[in-house]
Amino acid sequence: MAYTPTPADRFSFGLWTVGNPGRDPFGEPVRPVRDPVALVELLAEVGAWGVNFHDNDLVPIDATSAERERIVRDFTAALRATGLVVPMATTNLFSDPAFKDGAFTSNDPQVRAFALQKTMRAIDLGVECGAEIYVFWGGREGVESDASKDPLEALKRYREALNFLCAYVRDQGYPLRFALEPKPNEPRGDIYLATVGHALAFIATLDHPEMVGVNPEVAHETMAGLNFLHGVAQAWEAGKLFHIDLNDQVIGRYDQDFRFGAANLKASFFLVKFLEDVGYSGPRHFDAHAYRTEDLAGVKAFARGCMRTYLVLKEKARQWNADPEIQALLAELSYGEQATSGYSRAAAEALKTRSFDRAALGARGLAYEHLDQLTIEVLLGVR
Ligand code: GLT
Ligand code: MN
Ligand code: MN
């Protein structure tokens with residue numbers, strides 16, 4: 001059937017997404033907590049390919065080792081029974097009060113050491129379940145007041161932690177790559193490594209930059225008022241797009257984590273078009289949750305909606321790329337032609353004396369209005 005997800009689409013969800021009970025800062029949970037096995041079954045039912053988790057989504061923080069074993073046994077049995085895979089895992093370094101002032105960047109060396117211990121154990125758990133990507137979302141790595149923490153010291157601590165953990169992964173021989181997930185704020189007043197650009201620059205300063213990429217999230221760059229696609233493109237070009245968190249967000253609002261495509265259809269379209277055009281082959285992870293108004297049926301509608309919208313937009317991208325009028329307009333814009341054929345002293349001298357019809361260049365209409373309207377009409381289904 002059209003727009004039905006298949007494993008080849010590589011659609012994944014975190015346990016915390018379809019398992020989100022609808023708690024918010026002003027209200028109690030509205031949905032019952034479901035155990036990981038039930039969530040795996042739910043994801044299989046709606047047609048997802050993968051399931052991701054934080055250590056404590058799967059194994060409670062105070063579980064005994066016998067409990068851990070039983071939980072992992074039941075979970076991996078559910079994976080085998082449903083065919084779901086675990087592409088990515090991560091650590092919860094934000095819920096426990098011990099991390100109220102950060103984990104890797106905490107001022108307290110005991111908290112930093114505990115964060116490393118917790119992450120090594122969580123990496124072991126993730127690898128045991130098959131994860132090949134390990135996400136670092138530093139939700140508590142930040143401040144409300146810059147009086148409390150020196151930003152240079154914080155960066156140094158963050159770097160030390162990631163260097164330590166890269167060395168751990170290499171020492172264990174794990175086939176694991178790291179992906180840093182930027183976010184500008186919430187739950188901290190300001191979070192370090194606020195955007196994709198911050199993270200990319202930071203990665204270059206690590207001991208093993210080749211092991212570390214980014215996990216950009218639609219909502220997070222959008223919260224910062226940025227163009228998400230541009231951040232993704234830069235990550236892709238740098239060979240750093242290891243993972244992606246798809247959802248939606250209205251600029252200037254609280255952290256909404258809406259169903260993919262729910263708020264900014266045109267931006268979602270150009271994002272899907274980009275990922276498909278360049279041949280991004282990693283997981284398409286929906287890091288979002290159902291509205292707080294929903295019951296279990298609404299959670300399934302939410303999950304199905306994320307995947308269906310992606311597939312509809314993928315079809316629209318194919319249509320856009322094949323549209324003769326759109327392609328003719330693009331051709332008129334001299335796409336693909338070079339401004340110069342590269343530097344040589346002779347080419348530089350020739351260019352310095354070349355004459356340009358500046359007035360004609362400035363007078364030319366570029367037909368972007370028409371091009372954008374055609375895009376809108378593709379999206380609205382009238383072309
Ligand atoms: C949390 C956050 C997400 C991160 C998750 C991974 S947890 O829900 O809002 O953006 O991707 O730690
Ligand atoms: Mn988010
Ligand atoms: Mn995320």
Side-chain angles (χ1 to χ4, degrees), residues 11-25 29 33 39 50-58 61 86-96 99 102-104 115 118-119 122-123 125-126 131 133-142 158 161-162 165 178-188 191-196 199 213-226 228 231-232 235 241-260 262-264 268 271 282-292 302-303 306:
F11 290 142
S12 60
F13 290 82
L15 285 179
W16 68 93
T17 66
V18 283
N20 183 298
R23 182 187 294 108
D24 75 13
V33 172
L39 293 171
V51 56
N52 309 315
F53 57 81
H54 298 90
D55 49 354
N56 305 136
D57 299 339
L58 190 58
I61 193 164
V86 174
M88 175 271 259
T90 182
T91 328
N92 185 327
L93 294 173
F94 45 88
S95 294
D96 195 86
F99 301 123
F104 302 141
K118 193 171 191 293
T119 305
I123 285 175
L125 175 66
I133 300 158
Y134 204 83
V135 162
F136 290 81
W137 174 64
R140 298 278 173 202
E141 313 289 8
Y158 224 145
L162 289 168
L165 293 166
F178 291 173
L180 308 186
E181 180 177 343
K183 187 175 184 186
N185 58 273
E186 208 174 333
R188 298 311 298 267
I191 297 177
Y192 300 122
L193 305 183
T195 70
V196 171
V214 290
N215 176 37
E217 174 171 317
V218 175
H220 297 177
E221 304 296 296
T222 306
M223 284 172 73
L226 300 177
F228 182 65
V232 168
L241 190 63
F242 288 7
H243 197 263
I244 193 163
D245 277 2
L246 303 172
N247 56 12
D248 218 343
Q249 169 78 35
V250 176
I251 289 184
R253 303 284 170 88
Y254 66 97
D255 180 9
Q256 295 176 308
D257 289 339
F258 282 156
R259 189 181 74 256
F260 181 59
N264 305 295
S268 304
L271 175 62
R284 277 99 172 134
H285 173 225
F286 297 105
D287 187 12
H289 51 77
Y291 304 144
R292 192 164 178 271
F302 146 80
C306 286

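Each ligand, and each atom within it, is numbered from 1 in the order the structure gives.
Contact atoms of ligand 1 toward H54: 5 (C), 6 (C), 7 (S), 12 (O) (distance under 4.0 Å to a heavy atom of the residue). Here is the list of ligand 1 atoms found below 4.0 Å of a heavy atom in E181: 3 (C), 4 (C), 10 (O), 11 (O). Under a 4.0 Å criterion applied to the non-hydrogen atoms of H220, ligand 1 contributes the atoms 10 (O).
Remark: side-chain polar atoms of E186 are not paired, donor with acceptor, to backbone N or O of G139 under 3.5 angstrom. Proximity of a side-chain donor or acceptor of E221 to a complementary backbone N or O of P216 within less than 3.5 Å is not detected. Of the possible donor and acceptor atoms, none in the side chain of N215 sits under 3.5 Å from a partner among the backbone N and O of A179. Remark: the backbone N or O of A262 is paired with a side-chain donor or acceptor of D248 at under 3.5 angstrom.
In this structure, Q249 and T222 approach most closely via the heavy-atom pair O-CG2, 3.5 Å.
At a 3.5 angstrom cut-off on N or O pairs, K183 does not count as close to ligand 1. Inclusion of D245 in the set of residues having an N or O under 3.5 Å from an N or O of ligand 1 is warranted. Between N215 and ligand 1, no pair of N/O atoms sits closer than 3.5 Å.
Judged by distance alone, the side chains of N247 and E217 do bring a donor and an acceptor atom under 3.5 Å apart.
Of the candidates V135, T90, N20, D287, the one placing a heavy atom closest to atom 3 (C) of ligand 1 is D287.
Looking only at heavy atoms of the protein, atom 8 (O) of ligand 1 is closest to W16 NE1, 3.4 Å. The protein atom (non-hydrogen) at minimum distance from atom 1 (C) of ligand 1 is W137 CZ3, 3.7 Å.
Looking at N92 against ligand 1, nothing comes within 4.0 Å, counting heavy atoms.
Nearest N/O/S atom of D245 relative to the Mn ion (ligand 3): this is OD2.
The Mn ion (ligand 3) lies at 2.8 Å or more from every N, O or S atom belonging to D257.
For E181 atom OE2 and D287 atom OD2, the angle they make at the Mn ion (ligand 3) is roughly 160°, to 10 degrees. With the Mn ion (ligand 2) as the vertex, NE2 (H220) and OE2 (E217) define an angle of 80°, rounded to 10°.
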